[in-house]
Amino acid sequence: MTVFYEYKRITTKKNLIFQEVIVNGWVRYFRSNRFIIMNDGSTLKDLQIIVMESNFSKELLKKITIGIALQIRGIFTESTGKKQLAEVISTVIQIYNKVSVSEINKTILQPKFHKPETLRDQAHLRFRTKLFSSIMRIRHQLSFCAHEYFYYQGFFYIHTPIITSSDAEGVGGMFKVTIFNLNDLPKDDQQYIDHTKDFFGHETYLSVSGQLEGETAALSLGQIYTFGPTFRAENSNTLRHLSEFWMIEPEIAFYEITDNMNLAEDILNYFLIKILKRCKEDIYYLKSKEDMLLERLQLIVDNSFCRISYTEAITILTSQPKIKHTIHWGIDLLSEHERYLVEHFCRPIILLDAPAEGKAFYMRLNDDEKTVSSMDILFPRIGEVIGGSQREERYELLLNRMQTLDIYEKPYWWYLDTRRFGSVPHSGFGLGFDRLVQFITGILNIRDIIPFPRTPKNAEF
RNA sequence: UCCCUAAUAGCUCAGUUUGGUUAGAGCAUUUGACUGUUAAUCAAAGUGUCACAGGUCCGAAUCCUGUUUGGGGAGCCA
């Protein structure tokens, strides 16, 4: 039987020395007509293949170019070179497909420095680069860690719908979902668009959050989480916004805000500890691009988060002459303020009890009747990584709140029902998965840590 | 969406301030030499719609207007 080896498996196994192996991969470069440097994506490390010139025809060697895929049969041997412990001395080289040299010269596959924007322009090829493959391995590991954490904590993974009819946050832009021919829209008697003729019989959108559905599940199953794509049709052009991003949303019955904070802090710590342990190689590679990466990650692990209320934050900020933007109780904190707080305390901030005005309708009203039981977790560089709250479990108060905010309550009848039949205190939050990947990898632009970024004016791949 | 800024060879950039003849460099590529190298080295060669559209001028990569796209900052948020 033919045994194929991943580099990840063989490069660490000494007992394979002098054995015959078969490896596949893509050529990164071919040096001195003797050393083929290949990678199969399983690990950051490249595998060096030794070519004994006399064993192969010139025609064959000429076809081996950057970017080509090869299968090598050979003997796994200790290397006499300094940069690798072992290598493969080839006996058979099989080329999968020819590559046009003039064409490949136009791609990012040539072993050179490319700006992140250039890599993004060839998003389909950037998986082959050391930088992006490192990020992808970390991203994968982080997804797995999320499921692992919740699994061992007894949470249930719930698949909330991607197509919804409700606007969970009251946040601005949502993507409409329709099967209508936009050049020929069905109209009713008053010449308004007749949504009853659309696929679902009413207006539908791509979900901006699985929270409302998540709450209904939590209020039966106890502890649940969702982990899926989320869509925002906002015209945000920043380093940390995507139109399509991934969010982890736990929702827990009988949890009050303090339990919620503890969970959020614990899970973030868990992620960082696991990634630092499991993705050492890739993290160290990224550190070579970004000096302070490890220190920044270690800062989170070593320090408990600073928990302060919105009101306390305002007090601190008003006494600071450095702050440019004027500030008073009631305003939304600007990114300048958030950045100041994180730097001031030198660790992540959990910002509590924001003014009710401007916060979502489902957040629980505090006894002062001015603030809600909200929590935002602020990280260095990326800002808000978690936004959550204790939910308003009191039916009358929730209804009042919706009426104050002019939210038409009828479509939310099923959500309101949860407050009528065995309502209990409960809490949850949304964790921006991509922002966390961004923080862990130290990459400046969020578009460079997701395989195929969707942002305003960009959905090519 | 607003403010600032940029777009020159496959890549990374110089040239633009102060318009002037044939637009440069390094790397990559091609050809040759070498063959235990580490993004090898040496020699030679080829490579441009100066983002797009219009304008000013004897003459525009360079000045002006518009458009597109990228980058930085702000807002919205995760």
Side-chain angles (χ1 to χ4, degrees), chain A residues 27-37 45-54 61-62 65-67 77 79-84 87 89 99-122 129-130 168-173 208-211 227 229-249 264 324-325 331-336 338-339 358-360 376-379 382-388 429-439 444-448 450 455-458 460:
Chain A
V27 174
R28 279 213 206 272
Y29 32 88
F30 184 20
R31 252 193 325 259
S32 305
N33 226 14
R34 189 183 189 90
F35 306 98
I36 303 173
I37 310 302
K45 283 201 187 82
D46 295 327
L47 186 64
Q48 178 159 282
I49 310 295
I50 308 299
V51 180
M52 295 302 185
E53 209 175 350
S54 50
L61 295 183
K62 248 189 137 88
T65 55
I66 289 167
T77 324
S79 176
T80 57
K82 283 172 195 159
K83 289 220 169 174
Q84 60 282 315
E87 60 198 11
I89 297 179
V99 167
S100 153
V101 175
S102 60
E103 289 301 309
I104 206 131
N105 196 24
K106 289 178 186 163
T107 72
I108 55 167
L109 296 178
Q110 45 176 313
K112 298 183 56 60
F113 171 77
H114 297 92
K115 290 192 291 186
E117 301 92 280
T118 311
L119 297 181
R120 218 181 294 147
D121 286 342
Q122 297 179 37
T129 63
K130 271 189 154 61
E169 305 276 349
V171 288
V208 293
S209 163
Q211 184 200 316
F227 184 8
T230 305
F231 306 88
R232 304 272 165 95
E234 276 143 13
N235 195 3
S236 300
N237 294 292
T238 76
L239 300 176
R240 43 183 232 275
H241 284 88
L242 291 164
S243 310
E244 177 181 312
F245 63 97
W246 287 67
M247 190 152 65
I248 298 171
E249 294 181 288
K324 281 183 203 156
H325 295 88
I331 64 152
D332 280 339
L333 291 191
L334 303 175
S335 55
E336 184 201 9
E338 294 181 351
R339 220 175 298 128
K359 281 289 182 184
D376 292 330
I377 302 191
L378 310 176
F379 263 26
I382 53 167
E384 192 175 338
V385 69
I386 279 181
F429 57 82
L431 188 164
F433 182 75
D434 308 274
R435 282 192 187 169
L436 191 61
V437 176
Q438 197 186 350
F439 178 76
L444 283 174
N445 196 321
I446 201 166
R447 300 164 198 210
D448 298 324
I450 185 166
T455 50
K457 305 262 189 289
N458 178 13
E460 183 175 1

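Protein chains get the first letters and strands the later ones, always in sequence-line order, with residue 1 at the start of each.
Within the shown strands, rA53(B) is the pairing partner of rU65(B) under the Watson-Crick or G-U definition, both distances less than 3.5 Å. rU1(B) is paired with rA74(B) under the criterion used here, namely a Watson-Crick or G-U wobble arrangement in which both key atom distances are under 3.5 Å. Base-pair partner of rG20(B): rC58(B) (Watson-Crick or G-U wobble, both distances under 3.5 Å).
Within the 4.0 angstrom heavy-atom criterion, only backbone atoms of the sugar-phosphate kind lie near H114(A); the bases stay farther away. Across all strands, Q438(A) comes closer than 4.0 Å to no nucleic acid atom at all (heavy-atom distances). Counting non-hydrogen atoms under 4.0 angstrom, N445(A) reaches the backbone sugars and phosphates but no base. Using a 4.0 Å heavy-atom distance criterion, Q110(A) is classed as a base contact. If you check every strand for non-hydrogen atoms under 4.0 Å, R28(A) touches nothing. Backbone-only contact: K115(A) has heavy atoms under 4.0 Å from sugar-phosphate atoms and none from a base. Using a 4.0 Å heavy-atom distance criterion, I37(A) is classed as making no nucleic acid contact. Heavy atoms of S79(A) sit under 4.0 angstrom from at least one base atom. Within the nucleic acid shown, G81(A) comes within 4.0 Å of at least one base atom, counting heavy atoms only. Within the nucleic acid shown, I104(A) has no heavy atom closer than 4.0 Å to any nucleic acid atom. Among the protein residues, L334(A) comes within range of the sugar-phosphate backbone only, with heavy atoms under 4.0 Å from sugar or phosphate atoms but none that close to a base.
The side chain of R31(A) places no N or O atom within less than 4.0 Å of a non-bridging phosphate oxygen (OP1 or OP2) of rC34(B). For rA39(B), one of the phosphate oxygens OP1 or OP2 lies less than 4.0 angstrom from a side-chain nitrogen or oxygen of K83(A). For the pair S32(A) and rG36(B), the criterion of a side-chain N or O lying under 4.0 Å from OP1 or OP2 is not met. Proximity of N235(A) to the phosphate of rU1(B): a side-chain N or O atom is located under 4.0 Å from OP1 or OP2. OP1 or OP2 of rA74(B) sits under 4.0 Å from a side-chain N or O of R339(A). An OP1 or OP2 oxygen of rU31(B) is reached within less than 4.0 angstrom by a side-chain nitrogen or oxygen of K62(A). In terms of phosphate contacts, T238(A) brings no side-chain nitrogen or oxygen within less than 4.0 Å of OP1 or OP2 of rG75(B). Residue S335(A) has a polar side-chain atom (N or O) positioned under 4.0 Å from OP1 or OP2 of rG75(B). Look at R34(A) and you won't find any side-chain N or O under 4.0 angstrom from OP1 or OP2 of rC34(B).
To the nearest whole angstrom, the two C1' atoms, one in rA40(B) and one in rA78(B), are 47 Å apart. Rounded to a whole angstrom, the distance from the P atom of rA45(B) to that of rU49(B) is 23 Å. A distance of about 23 Å separates the P atoms of rU37(B) and rU30(B), rounded to the whole Å. Comparing the P positions of rC63(B) and rA6(B) gives an interatomic distance of 10 Å, to the nearest angstrom. A distance of about 30 Å separates the C1' atoms of rA74(B) and rC13(B), rounded to the whole Å. Of the C1' atoms belonging to rC50(B) and rC3(B), the separation is 28 Å, rounded to the nearest Å. Nucleotides rU21(B) and rU31(B) place their C1' atoms 33 Å apart, quoted to the nearest Å. As rounded to the nearest Å, rC27(B) and rA44(B) have P atoms that lie 12 Å from one another.
Judged purely by distance below 3.5 Å, without hydrogens or angles, the side chains of S102(A) and S100(A) pair a donor atom with an acceptor atom. Donor-acceptor pairing under 3.5 Å is lacking for the side chains of E244(A) and T230(A).
For R240(A) and L444(A), each mapped to the nucleotide of RNA chain B holding its nearest heavy atom, the one lying further toward the 5' end belongs to L444(A). The residue among S236(A) and L239(A) whose nearest nucleotide of RNA chain B is located toward the 5' end is L239(A).
Atom CG of L47(A) sits about 11.5 Å away from atom CZ of R28(A), to the nearest 0.5 Å. Atom CZ of residue F231(A) and atom CZ of residue F245(A) lie 9.5 Å apart, to the nearest 0.5 angstrom. Here CZ of R339(A) is found 10.0 Å from CG of L334(A). Values are rounded to the nearest 0.5 Å.
Ion pairing of K359(A) with D376(A) is present here, as a side-chain N (NZ or NE/NH1/NH2) and a carboxylate O approach within less than 4.0 Å.
No N or O donor and acceptor, one from the side chain of E336(A) and one from the base of rG75(B), sit under 3.5 Å apart. Judged by distance alone with a 3.5 Å cut-off, no donor-acceptor contact links the side chain of E103(A) to the base of rU29(B).
Among the nucleotides rA78(B), rA40(B), rA39(B), the one closest to the side chain of F113(A) is rA39(B). Comparing rU37(B), rG75(B), rG26(B) by their closest approach to the side chain of Q48(A) singles out rU37(B). Of the listed nucleotides (rG72(B), rU29(B), rC11(B)), rC11(B) has the atom at the smallest distance from the side chain of T118(A). For K112(A), counting side-chain heavy atoms from C-beta on, the closest listed nucleotide (rC11(B), rU1(B), rG36(B)) is rC11(B).
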Practice item. For the pair Q122(A) and T107(A), evaluate side chain to side chain contact (heavy atoms under 4.5 Å, CB included) and give the outcome as yes or no after the intermediate values. Key: CA-CA 8 Å; Q122(A) 297 179 37; T107(A) 72; 3.4 Å; yes

Review point. Would D434(A) and R240(A) count as a salt bridge (charged side-chain N to carboxylate O under 4.0 Å, His left out) if you check the C-alpha gap in whole Å, the side-chain angles of each, and the deciding distance to 0.1 Å?
Key: CA-CA 9 Å; D434(A) 308 274; R240(A) 43 183 232 275; over 6 Å; no

Check your understanding: Can you check side-chain hydrogen bond (donor to acceptor under 3.5 Å, both in side chains) on Q48(A) and S79(A), steps first, answer last?
Key -> CA-CA 9 Å; Q48(A) 178 159 282; S79(A) 176; 4.5 Å; no

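Put simply, NZ on K106(A) is 15 Å from P on rU29(B), counting in whole angstrom units. Per the geometry, CG belonging to D46(A) stands 18 Å off P belonging to rU37(B), to the nearest Å. If you take CD of E234(A) and C1' of rC2(B), they are 16 Å apart, rounded to a whole angstrom. In this structure, CZ of F439(A) is placed 15 Å from C1' of rA78(B), rounded to the nearest angstrom. Going from atom CD1 of I50(A) over to atom C1' of rU37(B) covers 8 Å, rounded to whole Å. We find that CG of N33(A) is positioned 11 Å from P of rG32(B), with the value rounded to whole Å. Note: CD1 (I248(A)) to P (rC77(B)) measures 21 Å, nearest angstrom. Put simply, CZ on R120(A) is 12 Å from C1' on rU69(B), counting in whole angstrom units.
Stacking between Y29(A) and rA39(B) is absent: the aromatic ring centre is not both under 5.5 angstrom from the base six-membered ring centre and within 30 degrees in plane angle.
Note on ring orientation: taking the six-membered ring where Trp is involved, the planes of F227(A) and W246(A) are perpendicular (angle over 60°, cut-offs 30° and 60°).
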